[in-house]
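Note that these values count all heavy atoms, side chains included, but never hydrogens, waters or copies made by symmetry.
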Amino acid sequence: MNTLFTLSLKSASREPFLLFWSIFMPIAGTLILGYLIHDPHYSLRITTGMMAMGILFYAFTTTVFTLFSQRRRGVYQLLKVTPLPLARYIISVSGAGTIISLSCGLAVLIIGSIAFQISLPWPSLIMIMIVCLLGAMGYLFLSFFISSLCKTEAQASIITNLISMPLLLSSDAFYSLDGAPAIVFAIRSLNPFQWFLNGLRSSLMVNPLTWGYSLLALTLFFAITLTLAIWSFTFTDR
């Protein structure tokens with residue numbers, strides 16, 4: 001299992017989508033927008049927004065294509081005739097994806113905190129790691145479910161965009177929604193990406209109450225996506 005985990009980690013780290021969408025673009029976006037707007041409150045907003053976006057793009061979008069490719073090659077069917085249990089394979093793949101997602105998020109956070117002098121005390125870092133862990137695993141398990149619905153790469157591209165873009169645009173990751181209509185606030189309150197952002201921001205401000213609510217919401221999201229992932233293997237086996 002350790003070998004499989006290491007191989008999964010190496011394979012995932014060589015993904016070209018990872019380098020551009022989850023590392024280069026979030027870091028460049030953080031620095032460019034942060035310096036252009038040059039406001040301490042916006043620096044925190046753009047750092048956490050780009051950090052969450054990078055994790056979303058890797059843990060969800062990139063992983064959907066990786067899993068879809070594995071399903072199309074019959075990897076999961078082959079596993080049934082090998083001694084390796086399917087559950088161990090899924091744990092190894094998910095573990096490697098979670099570590100890479102955390103690394104992407106921390107890279108954006110560290111560069112943003114250095115560029116804009118954002119304080120990072122140890123309690124904040126621990127709270128951030130817990131939020132990132134839950135959020136990344138939730139998106140990873142969602143990718144298992146979505147990849148099982150796709151028949152072609154075009155379908156995978158359309159579905160991932162139809163999910164990830166509304167999550168981003170209905171959140172306040174990059175701009176304030178204070179003047180938005182009530183319907184936008186209602187959508188935002190149900191948006192798991194917004195829960196992720198709230199958890200990251202409350203971690204940086206060491207706000208245990210908001211952090212606790214965000215953690216509860218992310219735990220619910222994780223439980224739902226885990227159930228969908230398990231169910232996807234059940235119905236694709238029929």
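Across all non-hydrogen atoms, the minimal contact from Ile46 to Gly29 is CG1-O, 4.1 Å. Minimum heavy-atom separation, Ser202 to Trp211: OG-CA, 3.2 Å. Closest approach of Thr225 and Gly138 over heavy atoms only: OG1-O, 3.2 Å. Between Leu31 and Ala115, the closest heavy-atom pair is CD2-CB, 3.6 Å. Summarising the geometry of Gln155 relative to Leu149, their closest heavy-atom pair is OE1-O, 4.0 Å, with the distance given to 0.1 Å. Contact record, Met53 with Pro26: CE-CG, 4.1 Å, taken as the closest heavy-atom pair.
Sequence neighbours left out, not one pair with a member in residues 205-223 passes salt bridge (charged side-chain N to carboxylate O under 4.0 Å, His left out). Evaluation of the side-chain hydrogen bond (donor to acceptor under 3.5 Å, both in side chains) test over residues 173-186, restricted to residues two or more places apart or in two chains, returns Ser176-Asp178. The stretch residues 188-197 participates, sequence neighbours left out, in these side-chain hydrogen bond (donor to acceptor under 3.5 Å, both in side chains) pairs: Ser170-Asn191, Asp172-Arg188, Asp172-Gln194, Gln194-Asn198. Each side-chain hydrogen bond (donor to acceptor under 3.5 Å, both in side chains) pair with one or both residues in residues 102-124, not counting sequence neighbours, would appear here, but there are none.
Here the side chains of Val184 and Pro181 are in contact, with some heavy-atom distance below 4.5 Å. Contact annotation: the side chain of Asn161 approaches that of Ser157 to within less than 4.5 Å [non-hydrogen atoms, C-beta and beyond]. The closest side-chain heavy-atom distance from Glu153 to Arg72 is below 4.5 Å. The side-chain heavy atoms of Val131 and Ser214, taken from C-beta on, include no pair separated by under 4.5 Å. For the pair Leu109/Leu125, a side-chain contact is recorded, criterion being any heavy-atom separation below 4.5 Å from C-beta on. A 4.5 Å side-chain heavy-atom check between Leu218 and Pro192 finds every atom pair outside the cut-off.
By the criterion of side-chain heavy atoms lying less than 4.5 angstrom apart, applied directly or through intervening Ile, Leu, Val, Met, Phe, Trp or Tyr residues, Met165 is grouped together with Leu56 in one hydrophobic cluster. Note on Met137: it does not cluster hydrophobically with Leu216, by side-chain heavy-atom contacts below 4.5 Å among ILVMFWY residues. No single ILVMFWY cluster, assembled from side-chain heavy atoms under 4.5 Å apart, contains both Ile158 and Leu168. Tyr213 is not connected to Phe221 by any chain of hydrophobic side-chain contacts under 4.5 Å among Ile, Leu, Val, Met, Phe, Trp and Tyr, and they are in different clusters. The hydrophobic clustering, which links ILVMFWY residues whose side-chain heavy atoms are closer than 4.5 Å, places Leu33 and Ile110 apart.
Thr47 is linked by a side-chain hydrogen bond (donor to acceptor under 3.5 Å, both in side chains) to nothing, counting only residues two or more places apart in sequence or in another chain. Not a single side-chain hydrogen bond (donor to acceptor under 3.5 Å, both in side chains) links Ser143 to another residue, sequence neighbours left out. Listed by chain and residue number, nothing satisfies the ring-ring contact (aromatic ring centres under 6.0 Å, His included) test with Phe68 (two or more places apart in sequence, or in another chain). Annotation: side-chain hydrogen bond (donor to acceptor under 3.5 Å, both in side chains) contacts of Thr227 (sequence neighbours excluded): none. With sequence neighbours excluded, the residues satisfying ring-ring contact (aromatic ring centres under 6.0 Å, His included) with Phe141 are Phe222. With sequence neighbours left out, the ring-ring contact (aromatic ring centres under 6.0 Å, His included) criterion links Phe174 to no other residue. Residues meeting the ring-ring contact (aromatic ring centres under 6.0 Å, His included) test with Tyr42, sequence neighbours left out: none.
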Side chain to side chain contact (heavy atoms under 4.5 Å, CB included) for Ser203 and Ile126? Distances and angles first, verdict last. CA-CA 8 Å; Ser203 298; Ile126 294 171; over 6 Å; no

Run the side-chain hydrogen bond (donor to acceptor under 3.5 Å, both in side chains) test on Arg71 and Ser148 for me, step by step, so that the C-alpha distance in whole Å, both residues' side-chain angles and the decisive distance to 0.1 Å come before the verdict. CA-CA 8 Å; Arg71 286 180 185 274; Ser148 71; 4.7 Å; no

Leu204 vs Arg201, side chain to side chain contact (heavy atoms under 4.5 Å, CB included): CA-CA, chis, key distance, verdict: CA-CA 5 Å; Leu204 283 175; Arg201 290 170 185 164; 5.9 Å; no

Could you check Tyr139 against Tyr58 for ring-ring contact (aromatic ring centres under 6.0 Å, His included), going step by step and ending with a plain yes or no? CA-CA 9 Å; Tyr139 293 128; Tyr58 179 73; over 10 Å; no

Walk me through it: do Ile128 and Cys132 pass the test side chain to side chain contact (heavy atoms under 4.5 Å, CB included)? CA-CA 6 Å; Ile128 286 172; Cys132 287; 3.9 Å; yes

Using the rule given for side chain to side chain contact (heavy atoms under 4.5 Å, CB included), can you reason through Ile55 versus Phe196, listing the C-alpha separation, both sets of side-chain angles and the distance that settles it, and then say yes or no? CA-CA 10 Å; Ile55 291 175; Phe196 192 23; 3.8 Å; yes

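Separation of atoms OG1 (Thr219) and CG (Leu134) is listed at 4.5 Å; rounding is to 0.5 Å. The CG atom of Asp39 lies 9.5 Å from the CZ atom of Arg45; values are rounded to the nearest 0.5 Å. The distance from atom CE of Met127 to atom CG of Asn207, rounded to the nearest 0.5 Å, is 7.5 Å. Rounding to the nearest 0.5 angstrom, the gap separating the OG atom in Ser164 from the CD1 atom in Ile146 is 10.5 Å. Atoms CG and CG, on Leu120 and Leu106 in that order, are 9.5 Å from each other to the nearest 0.5 Å. How far CG of Leu140 is from OG1 of Thr63: 5.0 Å, rounded to the nearest 0.5 Å.
The aromatic ring centres of Tyr35 and Phe116 sit less than 6.0 Å apart.
Cluster note: Phe185 groups with no other residue, as no ILVMFWY side-chain heavy atom lies under 4.5 Å from it.
With a 6.0 Å radius and a threshold of 12 heavy atoms from other residues, nucleotides or ligands, Met129 has its CE atom at or below the threshold.
In terms of modelled atom types and a separation under 3.5 Å, the side chain of Thr160 and the main chain of Ala156 share a donor-acceptor contact.
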